[in-house]
Amino acid sequence: RCHTALSDEEAEHADVEGALYYIRYPFADSAGHVTVATTRPETMLGDVAIAVNPDDAERRPLVGRHLILPIAELEIPIIADEHVEAGFGTGFVKITPAHDADDFEVGRRHDLATPIVMTADARMADAALGGKPGGRVPAPFFGMDRFEARKAIVAALKEKGLLEKVETRLHAVRHCYRCDTVVEPRLSEQWFVTMEPLAAPALEAYRKGQVRFIPERRGDEFEQWLTGIRDWNISRQLWWGHRIPVWYCEQCGLVSALREDPAACAACGGAMHQDEDVLDTWFSSWLWPFSTLGWPERTEDLARYYPTDVLVTAPEIIFFWVARMIMAGLHFLGRVPFHTVYLHGTVRDTHHVKMSKSLGNGIDPLEVVQRYGADALRFAVTSGLAVGTDIILDPHDLDASFASGRNFANKLWNVGRLLLSTLGEAPVPPLASLPDERLTLADRWILARLAAVAGETTEHLEKFRLNDAVGTPYHFLWDDFADWYLEEIKPRLRGEAPGGDAARVVAAHAFDRVLRLLHPGMPFITEELFRKLPGNGAASIMVAPWPGADAGRADPEAERDFAFVQAVVDAVRAIRADYGVKPGQKVAATVGRAPAWGLDAVRRERHLVDRLAQLSGLEDGGARPAAGPGAHAVLPGGADLFVALGGGVIDLARECEKLRAEATRLGTQLDAVRAKLANETFRSRAPADVVARETEKEQQWSAKRDAIAAKLAALGCA
RNA sequence: GGGCGAAUAGCUCAGCUGGUCCAGAGCGCCUGCCUUACACGCAGGAAGUCGGGGGUUCGAAUCCCUCUUCGCCCACCA
């Protein structure tokens, strides 16, 4: 349909259910016939021979005899050629040099004619007759479309009794990658680029590690393609594009490829005309890495920006573009244009079909932007980009794909609103100006988390784990910063608890840094919020330094202590929900059998615990488990939690059962870990740190089980 | 036909060098809350024989083999 020549890369194979026609070609000088199978009977008009395998003892003797080509009514010879595979099909193959690439090679070996029997728009016509019926294409078929002609020819053969049988079979048919029309092989004159000399250096560069592909297996495809590279047809019979810079002399026939339009033939001074064809669009694209920088001039830009680092593109474009850019870069500039090629996934629908405008299974990004926001779109897509995977989106349920991005954008914005409303206009002092002793446990904890998150995010980005690179700061912002830290500092910021200044500094710092970490995934909102932060003024987050692990401060002790605080709050909340305690109703809790550091942590974060757990009081229960009427729980390290619930809401039997169930579950795990530790082969073969970890697990769990046992006893559970 | 990849909660997917994975997330689902940043939210919860079978290992969602299903790349079998 495009009416142009294509390169091999532009022809896509698709399995199609087709018919295999068995056609009889009668002998010219005697009775009898040979049978030939073809999927494209209309091309028989262009047949110039029938071939058999040279080693085919049975058919070999027929070589040299002549057959009548039906319909065209011409005599054609039987020849021998190794192209024919012995024992396959009927053993006879029709040779149509002008309409099949293999047959062309056969024809060349045997010096056969190459009659063309179709026009450029796939209508039947003998090219030798210049648009008149006759010759190889008899009048009844002249001008027919190739597929109509197929039917007509089959019908004619049937009538003459020359159609032996028809079988259906699946076979690979080449389609145009642009218009999906079946590609018709047809002999024509085209310009080619000899690829082997270009491919060799590219192959060498790849094998030396100068270019790497992510995911790695794409590199194998690249290597495979370069290894078996075929010459590149660059002529296109299209009306747009760069015209091929080849001129033909009208007098002496000189053919010259020239950089400037010639006034006259260099050899004889005759008039010249330029080739009518245009270049394959990829023929200009492969120069992109340097032609955009001013090449062939030796510009400053070229010196500075070539080569670049990473090319991000789609996998289906590796051969069209990526490989050719590498070849062109090496050829014209002697260096690969980029050291890393990141191939991202393809967006598909729920049936895993690639989304496309022509199929109508796509999602309109503008609609998504309208309904969910540009950041939500980018975030949702990036979140799905694990290395080497495709992205499946449901065009009929946009919420399923994009709600989370929108929700997060909204969350981030609201965190910003809260902070900005309390930070005020004046620049916040830098974190470095804050002496360590002014930091509370929560401050130290969030800075420790920030350090870890900044380090992890950086590592994810460097390894192209984009989903993790956006997911890590996402969880930090939401689960740590918003859910815990902001709740912790609210009273401090309002002056209801001490340490407001430190809270302001730490919060501003942590928020600023997490905005930077989130910026690749949520560019617009982070930029907007960054500019609003006091003191940032017109600065853009795009050029703000990327935070490394030193954005925060590692602090294992703070992490341990704050985790204890969180465990207490979580346990009380679970109990409240379990017993349906009214949201506003305060309860009193007791923490017993707790390590000194844990009690200290809870004491220091009392304002947080009280507020989040809605406590009226929090007491140290000492060394003995609580036994009064109320709800009971045991924290991970074995600490005892008791929430006094009066008014008959407590069912003692239920409490016992709950605790017993937990003891049973814990018992199974303990047995497993103890068996492991008792196993001599494990102790001797497993790495020391693994053994240490298992030992610690055993201690933690047995402490917790002892605590539960003690509690069961104290409660008098049978 | 050759090569490669994937199968994990209802859905879409993480799980990087086998051991904090008693298997996680988002969306959906159930319960309770409009708690002055956010109901696009908060709190609590249910939900999985990690496709089937076999093997290696002290230990497997993770490594190997095999089967089944899906997908990708390459390919001149008339």
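Only this structure's heavy atoms are used, side chains among them; waters, hydrogens and symmetry mates stay out. So that the names make sense, note that chain A is the first sequence line, chain B the second, and so on, each numbered from 1.
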Tabulated below should be each protein N or O lying under 3.5 Å from an N or O of nucleotides 45-47 of chain B; please produce it.
none

What are the atom names and distances for every N/O pair under 3.5 Å that joins the protein to nucleotides 76-78 of chain B?
from   : atom 1 : to     : atom 2 : distance (Å)
B:rC76 : OP1    : A:R230 : NH1    : 3.1
B:rC76 : O4'    : A:D102 : OD2    : 3.4
B:rC76 : O2'    : A:D102 : OD2    : 3.1
B:rC76 : N1     : A:D102 : OD1    : 3.2
B:rC76 : N1     : A:D102 : OD2    : 3.3
B:rC76 : O2     : A:D102 : OD1    : 3.3
B:rC76 : O2     : A:D102 : OD2    : 3.1
B:rC77 : O2     : A:E85  : OE1    : 2.5
B:rC77 : N3     : A:E85  : OE1    : 2.9
B:rA78 : OP2    : A:R169 : NH1    : 3.4
B:rA78 : O2'    : A:A37  : O      : 2.6
B:rA78 : N6     : A:E85  : O      : 3.4
B:rA78 : N6     : A:F88  : O      : 2.6
B:rA78 : N1     : A:E85  : N      : 3.4

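Going from the P atom of B:rU69 to that of B:rA46 covers 37 Å, rounded to whole Å. Between the C1' atoms of B:rA43 and B:rC34, the separation comes to 14 Å (whole Å). Look at the P atom in both B:rG15 and B:rA25: the space between them is 15 Å, to the nearest Å. The separation of B:rG24 from B:rA14, taken at their C1' atoms, amounts to 7 Å, rounded to a whole angstrom. As rounded to the nearest Å, B:rC65 and B:rU20 have P atoms that lie 25 Å from one another. Straight-line distance between the P atoms of B:rU66 and B:rC29: roughly 44 Å, to the nearest whole Å.
Using a 4.0 Å cut-off between charged nitrogen and carboxylate oxygen, A:K463 and A:D468 do not count as a salt-bridge pair. The pair A:K354-A:E316 counts as a salt bridge, with a side-chain nitrogen and a carboxylate oxygen less than 4.0 angstrom apart. The residues A:R212 and A:E216 are annotated as not salt-bridged, no charged nitrogen and carboxylate oxygen being separated by less than 4.0 angstrom. Look at A:E496 and A:R611 and you find no salt bridge, because none of the NZ, NE, NH1 or NH2 atoms lies under 4.0 Å from a carboxylate O.
Using a 4.0 Å cut-off, no side-chain N or O of A:K582 falls inside it from OP1 or OP2 of B:rC33. The side chain of A:K354 contributes no N or O atom lying less than 4.0 Å from OP1 or OP2 of B:rG71. For the pair A:W478 and B:rC42, the criterion of a side-chain N or O lying under 4.0 Å from OP1 or OP2 is met.
Taking the salt bridge (charged side-chain N to carboxylate O under 4.0 Å, His left out) definition, one finds that A:K658 meets it with A:D578, A:E655, sequence neighbours left out. Among residues two or more places apart in sequence or in another chain, the salt bridge (charged side-chain N to carboxylate O under 4.0 Å, His left out) test is passed with A:E167 by A:K165. The side chain to side chain contact (heavy atoms under 4.5 Å, CB included) test applied to A:R576 returns A:V572, A:V581, A:V587, A:Q614, not counting sequence neighbours. In terms of the side chain to side chain contact (heavy atoms under 4.5 Å, CB included) criterion, residue partners of A:V84 (sequence neighbours excluded) are, by chain and number, A:A51, A:N53, A:V93. Not counting sequence neighbours, A:A577 has no partner by the side chain to side chain contact (heavy atoms under 4.5 Å, CB included) test. A:R371 meets the salt bridge (charged side-chain N to carboxylate O under 4.0 Å, His left out) test with A:E367; sequence neighbours excluded. Scored by the side chain to side chain contact (heavy atoms under 4.5 Å, CB included) test, A:R24 finds A:H33, A:T35, A:L162, A:E164 as partners (sequence neighbours excluded).
Within the nucleic acid shown, A:E216 has no heavy atom closer than 4.0 Å to any nucleic acid atom.
In RNA chain B, stems built from 3 or more consecutive Watson-Crick or G-U wobble pairs, each with both distances under 3.5 Å, span B:1-7 with B:68-74, B:10-13 with B:24-27, B:29-33 with B:41-45, B:51-55 with B:63-67.
Put simply, the side chain of A:Q614 and the base of B:rA43 share no donor and acceptor less than 3.5 Å apart.
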- [ ] Verify salt bridge (Lys or Arg N to Asp or Glu O under 4.0 Å) between A:E662 and A:R705, making sure each step is shown before the conclusion.
- [x] CA-CA 9 Å; A:E662 206 180 344; A:R705 191 167 74 163; over 6 Å; no
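Position along RNA chain B of the nearest nucleotide to A:L418 versus A:A577 favours A:L418 as the more 5'-ward residue.
Because its NZ or CZ atom is not both nearer than 6.0 Å to the ring centre of A:W701 and within 45° of the ring axis, A:R693 does not count as a cation-pi partner of that residue.
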Going 5' to 3' through nucleotides 14-26 of chain B and flagging B where a protein heavy-atom sits under 4.0 Å of the base, S where only the sugar-phosphate is that close, and - otherwise, we get S-B--BB-B--SS
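Contacts classified as salt bridge (Lys or Arg N to Asp or Glu O under 4.0 Å) and involving residues 374-384 of chain A (residues at least two apart or in different chains) are not found.
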